[in-house]
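Per chain, numbering begins at 1; letters A, B, ... match sequence-line order.
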Amino acid sequence: MAEPTPATSTFDQDFPKNYEHATVEPRWTASWEAQGLYRFDPESSAAKAGRVYAIDTPPPYVSAAHLHTGHAMSYSQAEFVIRYKRMRGHAVFYPMGFDDNGLPTERYVEQKYKIQKGKITRKDFIDLCLKETREGAEVYQQLWKSLGLSVDWRMTYSTIAPRAVKHAQRSFLDLVAKGRLERRADPILWCPTCATALAQADVEAGEEQNRPMHAVRFDIVTSAHLAGLPDHGIIETTRPELVTACVALACHPEDGRFKNLSGIHFQVPLTNLRPERLRADTDDGAVFGDGLLSAPGGEFRQVPLIFDESVDPEFGTGLMMVCTFGDPEDIAKWRTHKLDTQLILDAHGRMVTPNIPELNGKRVHVQEKGSAIYSEARAAAVELLRQYGHLLGIRDNASRASLHERCSTPVEIQVAPQWFIRVLDLKEPLLERGRALNWYPPFMRERYEQWVENLRWDWNISRQRFYGVPFPVWFCNGCETANFAELDEIPVDPLMQAAPRPCSACGSTDLRPEPDVMDTWMTSSLTPLINANWANWPQGALQGKSLECKENSGEFPDIRDQPRPALYPAGVRVQAHEIIRTWLFYTVVKSHLHTDSLPWRDVMISGWGLDRQGKKMSKRAGNFVDPAEVIGKYSADALRYWAAGATLGQDLRYLEDDVKGGKRLLTKLWNATRFAMQYVGTSLPTQAEEPTLADKWVRSELIEVIGQATQGFETYEYNRAVRAVERFFWDTWCDHYLEIIKERFRDGSRFNAGEVAAAQNTLVFGTYALLRVFAPILPFITEELYHKAIKPLLAQSPVSIHVAPWPAADDGQVDVLGGTIWPDAQEHGAVLRDLIGAVRAARTAGKIGGGRPLAMIYAQLPEAIVPLLPEVSRDWLAACRAEGVQLGALPDDLPAATLGELHVAIAVAELVEQA
RNA sequence: AGGCGCGUAGCUCAGCUGGUUAGAGCACCACGUUGACAUCGUGGGGGUCAGCGGUUCAAAUCCGCUCGUGCCUACCA
């Protein structure tokens with residue numbers, strides 16, 4: 001009989017009664033950092049064997065400085081799986097990135113410093129952006145560390161740093177070489193507030209609101225007026241201010257009302273207006289001042305009637321105004337019918353109508369208070385149309401505007417030369433890539449499919465902004481040829497560096513830099529390639545390498561800036577669902593074009609962090625909770641525990657009670673481990689063990705639970721893993737097993753030394769296994785407990801629980817105590833559990849506390865259970881602190897209970913003595 | 001307007017390929033706990049699994065429709 005090791009003062013010192021997360025967590029953060037525990041090691045055997053797991057998580061916009069528990073949630077969720085993979089023996093490559101180039105940062109700086117593009121020098125502006133970027137990154141890194149993210153901070157990238165710039169420029173040049181890039185002066189989406197071109201993905205639908213429909217009369221040109229035909233047509237439009245940009249009226253070819261009108265022309269209202277006083281004096285009209293009025297005096301511009309299948313005869317009057325440009329429909333008809341172009345908006349959304357002073361210079365869109373949008377240009381146009389008798393009516397009409405997602409301004413369409421990546425011809429191969437990717441959860445693929453199917457624009461990557469990756473391009477002032485930098489000349493900023501050679505076409509040395517910068521997604525779409533240092537790859541780096549997105553092959557130069565093709569394709573991309581159409585889509589495009597492969601094997605899509613009411617947390621809404629506060633109050637582990645409660649792909653509400661639940665779990669884990677170790681002592685038992693049913697049962701259950709947890713992590717369903725483990729721990733391990741074995745250590749007469757040794761082994765190895773399966777979720781307390789309780793007992797102990805082997809192997813074999821599952825142990829253990837439950841119910845019925853010994857348990861049991869009693873009864877009696885059991889009819893006068901088919905009554909010790 | 005997700009206890013949510021009496025946590029009630037528990041344990045109340053119809057020996061689960069809700073996409077000049 002081994003002596004139990006009771007709590008001593010030494011034990012209390014080594015193993016404090018309370019768990020202090022506020023001191024423990026920062027200590028381990030520092031320790032892990034000092035050891036370089038999470039560094040990617042290309043020399044490790046796992047890396048050399050090709051067991052590499054590279055992670056591509058979102059580089060947050062550091063400019064935002066608004067981290068909330070929603071961010072903490074999604075990064076934690078990714079990290080659960082990352083820690084699991086590390087324990088499975090993968091060489092984990094987990095870098096953090098910061099997205100600090102582009103429009104989001106510019107918008108932030110503009111708002112913070114109340115400045116605008118154009119009123120500050122390009123250099124000053126960029127300096128401010130860089131400053132905010134540095135400060136933001138610092139704050140973020142602090143939080144990520146306190147959250148326990150196992151990032152290799154040496155590998156951090158920034159999307160404005162030279163390495164990323166080089167990648168973006170190489171990507172550009174590679175696409176030029178592949179014939180994927182075009183410079184075109186197409187009509188493109190345009191933000192009048194930001195004064196830049198946009199891509200389709202930058203546009204979002206606004207709230208539905210009243211956007212009145214205006215009926216406008218177009219007179220038919222007199223010479224074409226035939227007897228019996230009408231003398232005018234009526235169109236309906238929500239954009240009356242664009243009437244003077246009309247280039248055609250369109251109808252459906254089968255529409256009977258217009259069939260006979262083939263060949264006729266209409267007069268465009270207001271185009272006959274001229275400024276009153278200066279009409280005779282000048283030709284160009286550039287000098288009109290305020291107070292001038294227009295008056296009829298010129299010729300009406302005439303536009304044809306065109307026939308187009310896309311016009312819906314049922315809509316409005318069946319006659320549609322085509323102007324340049326109100327919406328994509330206009331562009332389509334403009335293209336098909338080769339129509340004239342009448343541009344009347346400038347880059348800031350102001351009307352350019354020199355002949356109509358009342359309209360000229362007026363803003364098309366003005367953000368009013370609330371969500372209503374009032375347009376001064378529209379109001380003026382309506383007034384003019386009414387004045388000249390062209391406005392036939394206004395009716396209410398609900399629809400929604402397309403907004404620039406960064407500033408919520410309704411987008412316009414402009415024509416200006418831009419760089420485009422042709423993608424519209426790639427829909428099929430891109431859909432094929434989407435199908436080849438492993439989506440977790442699978443239904444998220446639908447979002448991708450729909451986006452690709454609905455693509456309507458090539459990817460415009462030009463932005464008329466300051467803070468972004470420059471195009472490595474100089475234009476020839478002589479012949480307008482675009483001259484590109486060579487691969488060995490990047491990264492380069494043409495605004496700072498003169499063209500390295502004369503124009504390739506005409507030999508001129510008169511070259512000017514491309515002033516535009518690249519779309520921010522041009523860079524962030526390269527994150528898997530940036531991590532692999534693709535821009536530094538030699539020719540043929542991927543040759544002979546499987547791009548099947550299976551396991552990666554080995555061979556790593558270990559210097560940070562060296563090419564690392566073995567990290568590509570990455571193992572997994574983790575991101576939220578709302579950027580499937582942007583980040584995920586663009587990354588797939590790039591990998592398809594650059595490497596003819598997928599960028600990663602798996603994609604894990606997380607949901608949103610919601611507030612208590614179920615609204616998405618955001619800075620703008622002001623409904624966010626600061627994760628640093630939560631960590632301070634409840635610990636990072638508790639916050640992570642909350643995050644682990646989300647079903648993959650589903651949103652999760654932030655409820656403080658759930659974080660408190662995590663804190664409770666930590667306390668329980670601490671106490672249970674501390675309790676267990678009191679009975680183990682300072683070394684493992686040498687006595688051969690003789691496990692009882694309780695030992696066999698709990699070990700068998702544990703093995704099953706480990707299997708469930710493994711299965712959960714393998715499919716990125718961390719919540720299944722944590723729920724299974726937590727339930728086992730609380731219910732089976734604490735409430736049953738630990739209660740059962742107390743008696744083994746308390747009363748030396750009941751159990752022999754082999755049985756005590758069995759309990760001690762179970763405690764040690766069960767605790768070790770539990771700590772390991774909890775470790776991905778609760779990295780801090782598991783590390784602390786591992787070092788306090790387990791590591792000193794093991795002969796060959798891992799330096800950290802986070803590099804300890806996962807307790808299950810690929811083939812499902814579990815290494816806990818030899819992985820033995822005893823036949824019938826789970827079934828018989830369930831009987832034991834029920835028998836204990838029945839007695840506990842009887843105690844409750846008789847108001848008898850669990851501490852009071854029982855003299856006798858009277859039991860009436862089903863036939864099938866009776867034969868199990870020899871195996872079950874000792875643990876049963878021990879758990880119930882009962883002297884004996886007697887089968888048969890139950891005495892009437894004792895506290896009794898029924899659980900299923902089990903009927904029991906109990907007699908406390910004193911009562912028996914008195915009887 | 002299409003697509004996807006969700007609708008299960010007062011609240012927040014699990015319930016994978018259909019199979020005992022539908023579960024957990026929180027909240028609530030009662031009882032017990034000076035021997036691991038800044039508490040914990042035991043027991044209890046509480047559900048038309050949104051609704052209707054279908055398939056099946058068997059449906060929270062599969063199918064159809066309807067309603068509500070959220071998101072994605074498209075938007076109608």
Which residues pass the ring-ring contact (aromatic ring centres under 6.0 Å, His included) test with [X], not counting sequence neighbours?
X: A/F713; result: A/Y84, A/W806
X: A/W439; result: A/Y448
X: A/H577; result: A/W608
X: A/Y786; result: A/Y768

Among [range], which residues get a heavy atom nearer than 4.0 Å to RNA chain B?
range: residues 314-323 of chain A; result: A/F315, A/M320, A/M321
range: residues 715-726 of chain A; result: A/R720, A/R723
range: residues 240-254 of chain A; result: none

**Request:** Mark up nucleotides 2-9 of chain B, 5' to 3', with B wherever a protein heavy atom is under 4.0 angstrom from a base atom, S wherever such an atom reaches only the sugar-phosphate, and - elsewhere.
**Result:** BSSSS---
**Message:** Taking side-chain contact (heavy atoms from CB on, under 4.5 Å) as the definition, give me every residue that meets it alongside A/D255, ordered by chain and number, with sequence neighbours left out.
**Reply:**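 Testing A/D255 for side-chain contact (heavy atoms from CB on, under 4.5 Å), a comparison that skips the adjacent residues, returns A/H252, A/R257, A/F258, A/P313.
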**Sugar-phosphate only, base, or nothing, as touched by A/W670 at under 4.0 Å among non-hydrogen atoms** =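 Since no nucleic acid heavy atom lies under 4.0 Å of A/W670, the category is nothing.
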**Item:** Set of side-chain hydrogen bond (donor to acceptor under 3.5 Å, both in side chains) partners for A/Q200, sequence neighbours left out
**Value:** none
Just the table, please: protein N/O against nucleotides 25-27 of chain B N/O, every pair under 3.5 Å.
| from | atom 1 | to | atom 2 | distance (Å) |
| --- | --- | --- | --- | --- |
| B/C26 | OP1 | A/R664 | NH2 | 3.2 |
| B/C26 | O2' | A/D657 | OD2 | 3.3 |

Look for any protein N or O under 3.5 Å of an N or O in nucleotides 41-45 of chain B and output each such pair with its distance, or none.
| from | atom 1 | to | atom 2 | distance (Å) |
| --- | --- | --- | --- | --- |
| B/G41 | OP1 | A/W730 | NE1 | 2.4 |
| B/U42 | O2' | A/R840 | O | 3.3 |
| B/U42 | O2' | A/T844 | OG1 | 2.6 |

**Prompt:** Between A/I331 (CD1) and B/A77 (P), how many Å, whole number?
**Reply:** 16 Å
